[in-house]
Amino acid sequence: MKIQKRIAAVHDISCVGRCSLTVALPVLSAAGFDTSILPTAVLSTHTGGFDGFTYRDLTLDIEPIANHWKSLGLKFDAFYSGFLGSYDQIEIVSNLFESFRDSDTIILVDPVMADQGEMYSVYSKSMATGMKKLCEKADIIVPNLTEAAFLLEEEYIGNNYDKKYIEDMLVRLSNLGPDKVVLTGISYDDKSLGAVCYDKTTGSIDYAFNEKNPAIFHGTGDIFASSLLAGIMHNFSLAEAAQIAVDYTYECIKLTESMNQERRYGVCFEMAIPYLIKRLGLI
Ligand code: PXL
């Protein structure tokens with residue numbers, strides 16, 4: 001009998017703007033997983049591009065939720081964390097991983113905290129020190145270049161990088177703890193954009209590219225990481241899952257552009273779900 005895999009997604013709920021749980025839950029559910037959620041905060045919108053958003057920090061709810069799950073004897077095949085509601089949640093989420101993990105649990109940490117050289121407005125620099133500790137517990141981390149620089153406590157150098165810098169960065173990120181590192185937003189020319197994966201256990205470095213669209217679309221990091229995890233949980237290799245995730249993200253962006261939609265509302269990922277499930281071999 002085939003058993004459905006269960007994933008716990010630990011992110012905020014941004015009520016409007018398609019990111020974090022409003023992306024992770026539908027993408028992982030459509031990919032066939034029993035997806036439980038652990039909300040870290042509730043915001044009226046995400047923080048990128050809207051003024052006056054509300055912010056309900058759920059730090060005090062995480063442990064009671066986890067304790068209830070424990071009392072039910074629940075098991076998870078994967079944990080996927082993203083935007084956390086407070087600095088204090090780092091230790092709480094780290095303990096959550098420890099208390100539920102067994103030998104084949106996959107822990108994916110997206111160290112959501114910064115982009116384009118800047119920390120998100122709700123965070124202070126100390127978030128980077130904490131996220132570094134959470135990354136120590138992960139099997140896979142998925143930082144963008146800004147987050148990678150913060151994790152390594154070095155300067156963000158924008159687009160002034162070459163292959164050697166990136167590949168060296170991958171190794172240093174894996175030295176924080178995770179066996180697998182997927183660095184997003186990588187581009188060496190005007191035509192292509194994508195991700196690069198490093199697997200410390202094999203030493204392999206693999207690139208996944210698609211066409212470059214220079215515009216910035218909100219929530220694409222969450223689209224990428226959710227579809228990457230879907231690929232991994234369906235037993236694709238890291239490199240294959242990264243290519244599926246890059247291609248799905250690109251499809252979402254193409255659809256969004258064709259609809260001429262304001263970018264702060266996120267990408268039209270819903271309409272590209274058939275594309276994703278085909279790529280995952282589910283239809
Ligand atoms: O997509 C990352 C993200 C998640 N959650 C919130 C955010 C952002 C990025 O801005 O503001 C609340």
Side-chain angles (χ1 to χ4, degrees), residues 8-28 35 37-59 61-62 79-90 93 108-125 127-128 130-131 134-135 138 140-151 156 182-185 193 195 213 215-230 245-246 248-250 252-253 256 261-270 272:
V10 187
H11 304 247
D12 71 286
I13 296 175
S14 286
C15 299
V16 162
R18 287 184 287 194
C19 64
S20 40
L21 280 180
T22 63
V23 165
L25 176 59
V27 168
L28 291 168
T35 308
I37 59 166
L38 213 173
T40 58
V42 179
L43 295 81
S44 51
T45 64
H46 61 70
T47 66
F50 298 95
D51 287 330
F53 53 84
T54 67
Y55 196 100
R56 169 86 51 204
D57 171 16
L58 297 179
T59 302
D61 293 87
I62 297 180
F79 280 84
Y80 164 30
S81 73
F83 183 101
L84 301 184
S86 68
Y87 180 85
D88 291 347
Q89 285 185 15
I90 292 169
V93 172
L108 186 148
V109 172
D110 185 351
V112 174
M113 60 181 158
D115 205 0
Q116 307 297 315
E118 307 275 343
M119 264 294 166
Y120 291 142
S121 60
V122 289
Y123 289 151
S124 71
K125 290 255 158 70
M127 203 64 190
M131 275 296 186
L134 193 62
C135 288
I140 308 166
I141 60 169
V142 192
N144 60 35
L145 277 166
T146 306
E147 289 156 350
F150 275 116
L151 290 172
Y156 169 70
V182 182
L183 201 46
T184 61
L193 174 69
N213 186 322
I216 293 166
F217 289 85
H218 201 275
T220 48
D222 300 323
I223 300 274
F224 176 83
S226 303
S227 50
L228 175 83
L229 181 60
V246 164
Y248 175 54
T249 309
Y250 174 74
C252 295
I253 288 175
T256 311
Q261 192 202 240
E262 256 191 80
R263 293 200 189 118
R264 62 183 179 162
Y265 288 102
V267 290
C268 307
F269 74 93
E270 305 87 349

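Nothing fancy with the numbering, it's 1 onward along the sequence. Ligands are counted one by one from 1 in listed order, and the atoms in each one are counted from 1 as well.
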>> Go through it in stages, so that I can follow the logic: the residues are Ser86 and Thr59, the test is side chain to side chain donor-acceptor pair (under 3.5 Å), and I'd like the CA-CA distance, side-chain angles, deciding distance and then a yes or no.
In response: CA-CA 7 Å; Ser86 68; Thr59 302; 2.7 Å; yes
>> Could you tell me, atom by atom, which parts of ligand 1 come under 4.0 Å of a heavy atom of Cys19?
In response: 1 (O), 4 (C), 5 (N)
> What is the ring orientation for Tyr80 with His11, classed by angle as parallel under 30°, tilted 30 to 60°, or perpendicular over 60°?
Replying inline: perpendicular
> Please state which protein non-hydrogen atom is closest to atom 11 (O) of ligand 1 and give its distance, to 0.1 Å?
Replying inline: Thr47 OG1, 2.6 Å
> What atoms of ligand 1 come within less than 4.0 Å of a heavy atom belonging to Ser20?
Replying inline: 4 (C), 5 (N)
>> Let's go through Ser14 and Asp12 carefully: what are the C-alpha distance in whole Å and the side-chain angles of both, what is the deciding distance for side chain to side chain donor-acceptor pair (under 3.5 Å) to 0.1 Å, and is it a yes or a no?
In response: CA-CA 6 Å; Ser14 286; Asp12 71 286; 2.6 Å; yes
> Taking atom types as modelled and ignoring hydrogens, do the side chains of Ser20 and Asp222 form a donor-acceptor contact shorter than 3.5 angstrom?
Replying inline: no
>> Return the closest protein heavy atom for atom 1 (O) of ligand 1 as residue, atom name and distance.
In response: Asp222 OD2, 2.6 Å
> Hey, does Ser14 sit under 4.0 Å from ligand 1 if you only count heavy atoms?
Replying inline: yes
> What residue and heavy atom of the protein are closest to atom 6 (C) of ligand 1, and at what distance?
Replying inline: Phe83 CD1, 3.4 Å
> Step by step, would you call Gln89 with Asp57 a side chain to side chain donor-acceptor pair (under 3.5 Å)?
Replying inline: CA-CA 10 Å; Gln89 285 185 15; Asp57 171 16; 3.3 Å; yes
>> Considering non-hydrogen atoms of the protein only, which is the closest contact for atom 5 (N) of ligand 1, and what is the distance?
In response: Asp12 OD1, 2.8 Å
> Between Phe50 and His46, what is the ring plane arrangement, given parallel below 30°, perpendicular above 60°, and tilted in between?
Replying inline: perpendicular
> Atoms of ligand 1 less than 4.0 Å from Val112 heavy atoms?
Replying inline: 2 (C)
>> Residue-level breakdown please: for Val122 versus ligand 1, do any non-hydrogen atoms fall below 4.0 Å on the side chain, on the backbone, on both, or on neither?
In response: neither
> Should His46 be counted as touching ligand 1, given the test is an N or O pair under 3.5 Å?
Replying inline: no
> Would a 4.5 Å heavy-atom cut-off, applied to side chains only, mark Val10 and Phe83 as touching?
Replying inline: no
> For the side chain of Thr256 and the backbone of Val267, is there at least one donor-acceptor N/O pair under 3.5 Å apart?
Replying inline: no
> For atom 10 (O) of ligand 1, what's the nearest protein heavy atom and its distance?
Replying inline: His218 NE2, 3.2 Å
